[in-house]
Amino acid sequence: MCVERVYNWFMSEAKYAHREIESKWLKKWEDEELNKTDLLGAKRPFYNLMMFPYPSAEGLHVGNMYAFTAADIYGRFKRMQGFDVFEPIGLDGFGIHSENYALKIGRHPKEHAQITQENFYKQLHQVGNMFDWSKTLETYDPEYYKWTQWIFIQMYKAGLAYRAKSEVNWCPHCKTVLADEQVIDGKCERCKSEMVRKELEQWFFRITKYAQRLLDNLDKLDWVQNIKTSQKNWIGRSEGMKLKFGKYEVFTTRPDTLHGATFLALAGKKDRFTGEMVINPATGKEIPVWEAVYVVADYGTGVIMGVPAHDERDMVFAKKHGIEVVEMEPDKSMEKYGEKTTHYHLRDWLISRQRYWGPPIPMINCPKCGWQPVPEKDLPVLLPDISDYQPEGEGKGPLAKHPEFYKTACPVCGGNAERETDVSDTFLDSAWYFLRYPSIRSAHSGQLPFDSEITKKWMPVHMYTGGAEHANLHLLYTRFLTMALHDLGYVPFEEPFKRFFAHGMIVKDGAKMSKSKGNVVNPDDYIAKYGADALRLYFMFLGPIDQGGDFRDAGMEGMARFVNRVYRLFDLPEAKSEDIVKAEQRLIKKVGEDIERRHYNTAIAAMMEYINLINGIGGWTKEQKGILAIMLAPLAPFLAEELWFKLAHKDSVHLQAWPKYDPGLAVQERGVIAIQVNGKMRDRVEDGPDVEQRALQSDKIKKFIGGAKYRTIFVPGKVINFVLNGK
RNA sequence: GCCCUCGUGGCGAAAUGGCAGACGCGCAUGCUUUAGGAGCAUGUCUUCGCAAGAAGAUAGAGGUUCAACUCCUCUCGAGGGCACCA
C-alpha cells in the first residue's frame, strides 16, 4: 500500500522538466551546428524565409513568435521530407521605427540597436526554431548597408532613381517625408500624426515604370487572393481615353458620355470659375472651365470633363454652381474624338528621409557637374556617430548640420561638392535582404551583394511567411526591386517569392495587445513557466494560422498538460495492439497532409486523439513511440528530441525522415456507415458485404420506409440513402 | 461608393457535397491524493422525455441536389483593402 502510494506520487510528479531539457538540447544543437545549411552542397534547396522583425521595443513580441513558429514548423517538416532547408533570421533595425523608439526613451539609436540585438537574438534562440545562426544580418551593419547604397547607385545609373521637386507627404512629428504607402487615412503609418503637404525636392524610385508588369505577374504568384487583390487595387489600373478640349486634355473612362459634358474642371484649392470657355468637340457648344476642389491634381491629367447627367459628383457640382445639365444616352461613337490611354494609381516611390538612422543616400552634388553617384570603391558612405541626431524639421536631416560629413570632393572634377544629407527609406533596406542571407560569407560576398551561383540555386524564395499588413509596402517594393535587378542582369528571376503565406494576428483575451492596455504578452514569461514547446503548440492549436488567434492563459495550461501527458505515456510498457497499428497509419497520413497545408491545429488534434487511444490501451511498442516522436519534431522540437533519446537513439530526431504510411491501412476506419431515408440520418450499420440488405432489416429503417417504393443511392464506405418515391 | 474575406455550442474550433460540433478550454459528478496542484473515469448543442427515443439547429430568406456548414441568389452583421481616381 505504502509502496503503491509512493509510486503513484512519483508518477504524478514525473513532470517534464522543460527548463533543463530545453537548455540542454539548445546547447547540443548549436555545438553540433545541427541547423547550419550547406548551401553549396545542397541537393534539394528549400529557402524558408520569414519577415525579419524590427526591434522597435525592448523585446520580441508574441506576434513575432507566433509567425516564426508557423514558418518554422513548415521548414522543419520540409527538412524531414528530404529538402535542404535554409532558414535564416536577422534584424530590420535601421529606420524610423527603431529610431522613434530610441528617441522616445532618450537613447542613441546606435546604442539602442546594440541592446536590442542582444535581447532579440537571445530570445530568438530560446523559441527553438531551426535558424541558421551562421547567416544573420542587421540592416544597420555597414557591411549590409554598403550594398543598400550600391543598389541605390545601380538604380540611379539605370534611370530608375531620380530627383524631383514635388508636393510630398510630410509628417510633422517624425519631421520627415513619407511615401504614399506609408500614409494611412491621411496619418503617419508610424506615429499616427496628421500629415501635411509640402513642396520639396526629393529622391524617387521609378516604380510606375513597372506598374503593368507588377500587375501582370500577380497571376503567376501562389499567394493568397486578398494580398493580390490589395496590390491590384493599389496599382489601380484604369483604362480610358484622352480627349482634347482646346488647350486642355482630360482623362475619362466614359468617353461615350462626351456629348453630355457641360463644363471642364481643373484641380483647384477652391471652387471658382476661371472666366474661360472651351468647345465641346462632340456638340460644338461652348462650355465653362472651372477650378474644383474635388478634382485631384496628380491623377490622370488633373483635368476632368463634367458630365452631370452621368456622374453624381459632377451633378452636385453643377447644381451648386448653376451649370447646365444635358440629359442624354451614352453613345459609343463618341470614342472617335479621343485616344485610348491607361492610367495607374501607383505613384513613384519616395526614397528620401530627413532623418539620421538610415543609410546615407550615396550621392554627391557638384556645383559644376551636378548630381554624381559616390564611386562604388568608396562605399559604404558611413553614417557618422553624432550626438545631435534628433530631427528638427524644415526639410533637412540631422546630417545637414555636419559639414565634416557633407563636405567632399566631386568624383568627376575633384572640385568642392556636397553629399546628400538625407538617408534612404527603411523599406529599401528590407526590399533586398532575402538576397543577402544565402550569400553571407560566400566567396564573392565582398565584391557583390549576392553571389550569382548561390542566388541561382536558392532563389526565388520557396516559401515566405509574414503579415498581410505589408501587402502594399514591403511586398510591392520587394517585387519592384527584384524586377529592376532582373532587368539590370543581376538576378535570373523577376519575382522574389514563389509562395507567400500570410499569418493572422494574435490578440489577448479578445483585445489587440498594447502597452497602454497593459495586456502585452511577453513570450519569455510563458517560455519560463510552460516551456517553448508548450507555447509553440498552444499558438498553433488556437485555430488556423491565417486567421490569427486569441491568447488565453487557461488554454495555455491545457497545452502544458498535453506535453506532460505525452512525456508520461512514454513510460508505458511494451505492448502490441492492432488498434494502434491502424490508428498510427491514419495519423501519419493526417499529420503529414495537415502540416503541408499548414493546418497545424488539426494535426495537433489528431495527435491528441492518438495519445488518448494509447492512454486507454495502456501500452505501445518502441517503434510506435519513435514514430510519434518524429511526427512531434516539427511542432515541439525539444520534447521530440527528449523522447527520441529516451528510446536510446544516438542521432537527432530532426534528422530523421518523415514516416511513410501504408495507404491500405490508413483508410478512414469507420466500421459503420450511415443509413439515410430521404437524406436524413436514421441509423447506422456495420460496413461490409450485403450492407444494403442489412440496412433494410433495421427496425428503424423499416419504420421510416413503411411499404413505400424507393430507390437507393449508395456511396461506398460512407452512406446509403433510401429515397422514397414522390421525392 | 467599389473590391476582398468571413459568420457553426458557454469559449477556441472541426467537417469544403455524404453521420454537424472531432480536438481542446471551461463546467458538472465520481475516484485517487495529508492538502493544493496533477492524474483517472463519466457527462456537457437546444426542446420534450425518468428513460428508450423524437423533433429542431451551422446569421436570415430562397434555390440547386437523393444529400448543403460546404455550391448559387438576395438580405443582415463583422473585419479588411481602395477611394472626391474622372
Pairing string, 5' to 3', for RNA chain B - Watson-Crick or wobble contacts under 3.5 Å, brackets [ ] where pairs cross, | to another strand: (((((((..(((.....[....)))((((((.......))))))((((....))))..(((((..]....))))))))))))....
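- With B/C84, B/C19, B/A86 as the candidates, the nucleotide lying closest to the side chain of A/Thr253 is B/A86.
- Among the nucleotides B/G24, B/G56, B/A83, the one closest to any side-chain atom of A/Asn612 is B/G24.
- If you measure from atom NZ of A/Lys529 to atom P of B/A38, you get 11 Å, rounded to the nearest angstrom.
- Taking side-chain N and O atoms only, A/Asn615 has no distance below 4.0 Å to OP1 or OP2 of B/G39.
- Of the candidates A/Tyr538, A/Phe551, A/Phe539, A/Phe551 is the only one forming a ring-ring contact (aromatic ring centres under 6.0 Å, His included) with A/Tyr526.
- Picking from B/A22, B/A55, B/A83 the nucleotide with the shortest atom distance to the side chain of A/Trp234 gives B/A83.
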- prompt: In B/S/- notation, 5' to 3', how is nucleotides 1-15 of chain B contacted by protein heavy atoms closer than 4.0 Å?
  reply: --SS-------BSSS
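- The side chain of A/Met608 approaches B/C23 more closely than any other nucleotide in the set B/A86, B/C23, B/A67.
- The A/Tyr299 side chain lies nearest to B/A86 when the options are B/A86, B/A54, B/A41.
- Taking the ring centre of A/Phe722 as origin, the terminal cationic atom of A/Arg711 falls outside the region bounded by 6.0 Å and 45° from the ring axis.
- For B/A55, one of the phosphate oxygens OP1 or OP2 lies less than 4.0 angstrom from a side-chain nitrogen or oxygen of A/Arg682.
- For the pair A/Arg561 and A/Glu557, the salt-bridge criterion is not met [side-chain N within less than 4.0 Å of a carboxylate O].
- Between B/A83, B/C40, B/G18, one nucleotide has an atom nearer to the side chain of A/Arg568 than all others, and that is B/C40.
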